[in-house]
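I have placed the structure first, in the form of structure tokens, so that the comments after it can refer back to it.
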There are 2 protein chains.
Amino acid sequence: MAGEKKPAFAGHVTADDVAVAAGVSRWTVNRAFRKDASISTKSLEKVMVAAERLGYVPDLRAASLASDRSNLVALLIDDFANPHKLVMMEHLTRILRREGWDILLVNTLNRDDAGHALLNASQRRVDAVILIGIQFDDEVLETALHARRFRKLIIFARTSRNPNTISIAVDDVHAMKEIANYVHERGYRRPMFLAGPRTYSAHLLRKETFVEYWRGHFGVEPETVAVAAYDPALAADIVTDTLAGRNAEALPDIIVCENDALAIGAMDVIRHKLRLRVSEDIAITGFDDVPQADSPNYRLTTYRQPISDMVEYLVEVLGSSEDRDFDRLFQGKLIARESA
Amino acid sequence: MAGEKKPAFAGHVTADDVAVAAGVSRWTVNRAFRKDASISTKSLEKVMVAAERLGYVPDLRAASLASDRSNLVALLIDDFANPHKLVMMEHLTRILRREGWDILLVNTLNRDDAGHALLNASQRRVDAVILIGIQFDDEVLETALHARRFRKLIIFARTSRNPNTISIAVDDVHAMKEIANYVHERGYRRPMFLAGPRTYSAHLLRKETFVEYWRGHFGVEPETVAVAAYDPALAADIVTDTLAGRNAEALPDIIVCENDALAIGAMDVIRHKLRLRVSEDIAITGFDDVPQADSPNYRLTTYRQPISDMVEYLVEVLGSSEDRDFDRLFQGKLIARESA
DNA sequence: TTTCATCTTGCTCGCGAGAGCAAAAATGGA
DNA sequence: TCCATTTTTGCTCTCGCGAGCAAGATGAAA
């Protein structure tokens, strides 16, 4: 009380210090920082004034340890060449933070590393794991799930058949049918599908859907090419290797890409390597509607995922303690621009 | 011992359980998971076998609480439109993880939010904070530093004059002089400088250096234009507003950009809005050497920062307990491509 | 004023580890 | 083989907070 001046070394100010300063018990101090706790406005104010003066903030490690809820989620990601990841991260970090969740960011270096990444997260006792990476196989997920290291394992922006994971994604099947119809209506007849890497657990149904739908409805089997990563530069190499030297009739009239990262790489090749015109000679579609897709340089026809809605749903899932099936598909939107 | 089967619910397997299973004490179990601890190979193995079987992993929250070292660093970021952020994050997440550091990712929504973001981090008792965002003002940093909420506050890829922060950055002054000389040597005489937002604490000395150097050495004051964010789309708007309608003599012959994000936006405008040729009509330089800069579409002359080296130095700083001046400038490299 | 319900406050115990020390075991040299 | 040294192991105490309960304060109804 009497001008007892500690050198405000906030790193080690504890609730006890505040309690003494405010003339209440330690538990009242902690209660003041919990939104659910019952506390009188009088002591709340006393505590807050003292805390402010001493520079006290509660230690979430201890809170987490005692309550068995960490309010921490791990975000596992690996596909850093794909610009859409930046978009997803922006939404995830902003909205999760608004809802009081902190994020542990883990770079899953490669498929073999996924298990370690999961283990890493589990050591911090995260409440949930969000996968926005692509390199995971079922075995790893099964192991983690079986060990019940997390309450929830959420696969974001990708569908999963694993009944124990929660998948929040766009409706790829519907989307690709819409794209296929659009492409056909616009008069394209020789599509080539440019696909990304095949993963085990978390699938994109885009290639399968497009190919089957096109074959079923328009009678021909589209050519498909796969790229080992969602990397524009890599996509460019593959497309160059595939198309360079072909004469006009052997070229596709449109390249339907699994996402914008691939589409951007492919478009660069059409223009600068094949020296053809985009849309007139070879059209192109993407998926994701990354910011670049709207640039005057690309004007890419693509398909927008409702990322904000998906993340809002994600926080709803995180907050829920029910044990139901949380899987959900969202409807996206075709964005027609000049590339197709 | 005798086939006592718990339903391997790893979420609640504690060191005590493993101790019983392995026939040692709890402390021996914990020691087995610490690299510095003294333990016999025999008990190490016993513990590891038991831990593996039960699915035990140490609880880093508790370890952190007891040892006052969290092995956690906060990464504060805000500039999600800039593709270079993805590059930095990839390096940071990969190398920090390799060295045993976990990352708490915090999206600093805006300048007013920086204080909250810092507070957020401090509640998790992170060992250090790394800023790769741009919106911080001195007041906020001073408050955080004064409260000593973190052992280290590192400003990455940006220089700071604040003596209490650690700045790990590229030598902007040297870099811009090199760029200015290159530009002049290549015969450009009417440069325009396209700058990003001005921040308080963490400066980029690029604009100042370029403008002063050019004026001092070549006698004329270059025109400068500022963009409110490192966002290609925003840069495109500003450049369009600035240059559209000018006749040829009033146009710059080169646009020197503070970074690639701006350069990419500007280049799109030159081609698709002004309908001019890049390099022949208006040349352009960037900074960062983002992946896109190398694409056949841009072929941007730019300046590469040695991000890997910088992050390696960062982990060295994190690991050090000395109390010296850790500020360091790295030398980058001019990457000449076709855009200038 | 009394009585009972409600709100607030303080307390015991526990969360899962680490520091640091003391006891026990292993090791080595004469 | 014996004693001194070194290594390994176990233990007490602590880190900062929360759950849940009991005691105390407050207030409304009788």
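Throughout, a chain's letter reflects where its sequence line sits, starting with A, and its residues are numbered from 1.
- In this structure, the CG atom of A/L60 is 15 Å from the C1' atom of D/dC15, given to the nearest Å.
- Taking the ring centre of A/F330 as origin, the terminal cationic atom of A/R328 falls inside the region bounded by 6.0 Å and 45° from the ring axis.
- Each of B/A62 and B/T28 was matched to the nucleotide of DNA chain D holding its nearest heavy atom; the match closer to the 5' end belongs to B/T28.
- Remark: the backbone N or O of B/V24 is not paired with any side-chain donor or acceptor of B/T28 at under 3.5 angstrom.
- Taking the side chain of A/A63 as heavy atoms from C-beta on, and the options D/dC15, C/dA17, D/dG18, the nearest nucleotide is D/dG18.
- Rounded to whole Å, atom C1' of C/dG10 lies 10 Å from atom CZ of A/R26.
- Annotation: side chain of A/M310 is in contact with side chain of A/F156 (closest heavy-atom distance under 4.5 Å).
- Looking only at side-chain heavy atoms (C-beta outward), B/L104 and A/D102 come within less than 4.5 Å of each other.
- Between B/V311 and B/R94, every side-chain heavy-atom pair lies at or beyond the 4.5 Å cut-off.
- Distance CG (B/D16) to P (C/dA17): 8 Å, rounded to an integer number of Å.
- The distance from atom CZ of A/R31 to atom P of D/dG20 is 13 Å, rounded to the nearest whole Å.
- Interface remark: the B/R61 side chain does not form any donor-acceptor pair with the C/dA17 base, using a distance-only criterion of under 3.5 Å.
- Taking atom CG of B/N30 as the reference point, atom P of D/dG10 lies 12 Å away to the nearest angstrom.
- Donor-acceptor pairing under 3.5 Å, judged by distance alone, is present between the side chain of B/W27 and the base of D/dT12.
- OP1 and OP2 of D/dG18 both lie 4.0 Å or more from every side-chain N or O belonging to A/S67.
- At a cut-off of 3.5 angstrom, the base of C/dG18 holds no donor-acceptor pair with the side chain of B/R69.
- The nearest whole Å value for the distance from the CD atom in A/Q123 to the P atom in C/dG18 is 11 Å.
- Annotation: side chain of A/N110 is not in contact with side chain of A/D78 (no heavy-atom distance under 4.5 Å).
- Residue B/L44 contributes atom CG, which lies 17 Å from atom P of C/dA26 at whole-angstrom precision.
- A donor-acceptor contact shorter than 3.5 Å links the side chain of B/D17 to the backbone of B/T14.
- Scanning residues 32-43 of chain A for heavy-atom distances under 4.0 Å to DNA chain D yields A/R34.
- The nearest whole Å value for the distance from the CG atom in A/D59 to the P atom in D/dC17 is 6 Å.
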